[in-house]
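In each ligand, atom 1 is the first atom listed, and ligand 1 is the first ligand listed.
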Amino acid sequence: MEPSLIVALDVPAIEKMKEALNRLPDSIEWYKVGLELFCAEGPAVLEPLKRRNKKIFLDLKLHDIPHTVACAVKTAASHGVNMMTVHAIGGRAMLEAAAEAACECDAPPKLVAVTTLTSLSLDDFVDLGITRTVSDQALALGELALSSGIDGLVTSAHEAGALRSRFSEALLVTPGIRMPDGDVGDQKRVATPAFAVEQGSTHLVVGRPIMQADDPSAVTAAIFGNMKNAL
Ligand code: C5P
């Protein structure tokens, strides 16, 4: 499968999103809608994307009792969402309920699990009573999610290689992507598009480098070119 680029629509309101869509090149097939924009606008925010035949990655990181998450997956699918996130820490029953709900949809969305928030430190692990290392936790929760029927994992490029060796079929969705000469911003562990693809990432999530570019078409073309270097 050819790796895909997903552009993160990290804007606060639908008008800003429409402005962005008008500026960004048609070559972008996938867009990510996150909590801020979805909470501001609700499912109506997905309509301009559907009108443009774009694929939608709804990043709400669901984590609740199995029935509630299953209902949320079905409702999101009915709005035309192609991929969405759940928290692996929700446990096997929740993950299985989400996967079953997705399978029952007319157009089943792909589900990818967040194993560990990258904002968590080892001190947070102590507070939470987690005794595994960060990478062991990612592998253990990855195993849990995938064996529960979830399609893939959200991972940094730096952990993608280990996950790919262990889980040959999983989708691996990777944020923290920067071109070699790009501004890192607040991201701590960035990687180039080529590195992420080499490590086995199937979907690369890019926000500010494209959203804030003076020439988004040129930056997008450079990112696609860099991804192809790895194939
Ligand atoms: O602007 P930038 O390319 O850093 O945006 C990356 C996107 O991926 C943002 O929407 C951010 O919330 C998301 N993300 C991330 N790191 C994670 C999970 C999600 O950067 N661990």
Side-chain angles (χ1 to χ4, degrees), residues 3-13 16-17 20-21 23-24 28 30-41 45-46 49 54-63 81-90 110-122 124-125 134-135 137-139 141-142 145 150 152-163 170-197 199 201-214 216 219-220 222-224 226-227:
S4 300
L5 171 67
I6 304 176
V7 172
L9 288 166
D10 291 327
V11 290
K16 296 269 176 215
M17 182 187 94
L21 291 178
R23 275 185 340 111
L24 299 182
I28 299 168
W30 279 90
Y31 283 98
K32 176 171 94 89
V33 172
L35 274 171
E36 183 188 16
L37 188 54
F38 198 75
C39 287
E41 307 286 355
V45 77
L46 307 177
L49 295 168
K54 299 302 178 187
K55 292 190 178 155
I56 299 170
F57 174 30
L58 186 61
D59 185 18
L60 302 182
K61 299 188 180 66
L62 302 177
H63 182 189
V81 167
N82 302 91
M83 184 157 73
M84 56 194 303
T85 43
V86 296
H87 265 293
I89 200 84
K110 296 290 184 196
L111 299 180
V112 290
V114 175
T115 55
T116 305
L117 291 173
T118 44
S119 50
L120 295 182
S121 65
L122 274 179
D124 292 312
F125 269 41
V134 174
S135 56
Q137 176 79 344
L139 278 172
L141 290 187
I150 298 299
L153 304 169
V154 180
T155 174
S156 92
H158 301 280
E159 276 82 44
L163 293 172
L171 301 178
L172 294 180
V173 177
T174 298
I177 300 294
R178 293 293 181 272
M179 288 298 276
D181 54 355
D183 180 7
V184 169
D186 59 359
Q187 291 282 10
K188 292 201 175 66
R189 300 180 70 227
V190 297
T192 63
F195 181 78
V197 172
Q199 296 302 301
S201 298
T202 55
H203 295 75
L204 277 48
V205 180
V206 179
R208 288 159 291 181
I210 291 177
M211 292 290 283
Q212 295 179 0
D214 291 334
V219 174
T220 304
I223 290 174
F224 277 128
N226 195 272
M227 287 165 72

A.B. asks: Against heavy atoms of P175, which atoms of ligand 1 measure under 4.0 Å?
C.D. replies: 8 (O), 14 (N), 15 (C), 16 (N), 17 (C), 18 (C), 19 (C), 20 (O)

A.B. asks: As an exercise, identify every atom of ligand 1 less than 4.0 angstrom from a heavy atom of V205.
C.D. replies: 7 (C), 8 (O)

A.B. asks: To the nearest 0.5 Å, what is the distance between CG on N82 and NZ on K54?
C.D. replies: 12.0 Å

A.B. asks: Just need the protein heavy atom nearest to atom 13 (C) of ligand 1, so name the residue and atom and give the distance.
C.D. replies: K32 NZ, 3.9 Å

A.B. asks: Closer than 4.0 Å to some heavy atom of D10 - which atoms of ligand 1 meet that?
C.D. replies: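 Result: 9 (C), 10 (O).
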
A.B. asks: Considering heavy atoms of the protein only, find what lies nearest to atom 21 (N) of ligand 1 and give residue, atom and distance to 0.1 Å.
C.D. replies: T118 OG1, 2.8 Å

A.B. asks: Taking the side chain as every heavy atom from C-beta outward, state whether D59 and V154 have any atom pair closer than 4.5 Å.
C.D. replies: no

A.B. asks: Looking at ligand 1, does any of its N/O atoms fall within less than 3.5 Å of an N/O of V206?
C.D. replies: no

A.B. asks: Report, in ascending order of atom number, the atoms of ligand 1 lying under 4.0 Å from any heavy atom of R178.
C.D. replies: 1 (O), 2 (P), 3 (O), 4 (O)

A.B. asks: How many angstroms lie between NZ in K55 and OH in Y31, if you round to the nearest 0.5 Å?
C.D. replies: 13.5 Å

A.B. asks: Using modelled atom types and a 3.5 Å cut-off, is there a donor and acceptor pairing between side-chain atoms of R23 and backbone atoms of M211?
C.D. replies: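 Pair found, side chain donor or acceptor close to backbone of M211.
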
A.B. asks: Indicate yes or no: does an N/O atom of D59 lie under 3.5 Å from an N/O atom of ligand 1?
C.D. replies: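 Among all N and O atoms of D59, none is under 3.5 Å from an N or O of ligand 1.
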
A.B. asks: Quick one: look at S156 and ligand 1, take heavy-atom pairs under 4.0 Å, and tell me if it's side chain, backbone, both or neither.
C.D. replies: neither

A.B. asks: Do T155 side-chain atoms and T174 backbone N/O form a donor-acceptor pair below 3.5 Å?
C.D. replies: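 No; judged by distance alone, with no hydrogens or angles, the pair does not exist.
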
A.B. asks: Distance from T115 atom OG1 to H87 atom NE2, nearest 0.5 Å?
C.D. replies: 10.0 Å

A.B. asks: Donor-acceptor pair, T85 side chain versus L60 backbone, under 3.5 Å?
C.D. replies: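 Pair found, side chain donor or acceptor close to backbone of L60.
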
A.B. asks: Once ring-ring contact (aromatic ring centres under 6.0 Å, His included) is applied, do any residues pair with F195, and if so which ones, sequence neighbours excluded?
C.D. replies: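 With neighbours one apart ignored, the set is H158.
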
A.B. asks: Pick, from G207, G34, P209, the option with the minimum heavy-atom distance to atom 5 (O) of ligand 1.
C.D. replies: G207

A.B. asks: Considering heavy atoms of the protein only, find what lies nearest to atom 20 (O) of ligand 1 and give residue, atom and distance to 0.1 Å.
C.D. replies: Q187 NE2, 2.7 Å

A.B. asks: What I want to know is whether R208 and ligand 1 share at least one N or O pair that is separated by under 3.5 angstrom.
C.D. replies: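 Between R208 and ligand 1 (N or O atoms, distance only) the closest approach is under 3.5 Å.
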
A.B. asks: Measuring from atom CD1 of I28 to atom CG of L21, what distance do you get when rounded to the nearest 0.5 angstrom?
C.D. replies: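 Interatomic distance, I28 CD1 to L21 CG, rounded to 0.5 Å: 9.0 Å.
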
A.B. asks: Please check whether D186 reaches ligand 1 - meaning an N/O of the residue sits under 3.5 Å from an N/O of the ligand, judged on distance alone.
C.D. replies: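 No; every N/O pair is 3.5 Å or more apart.
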
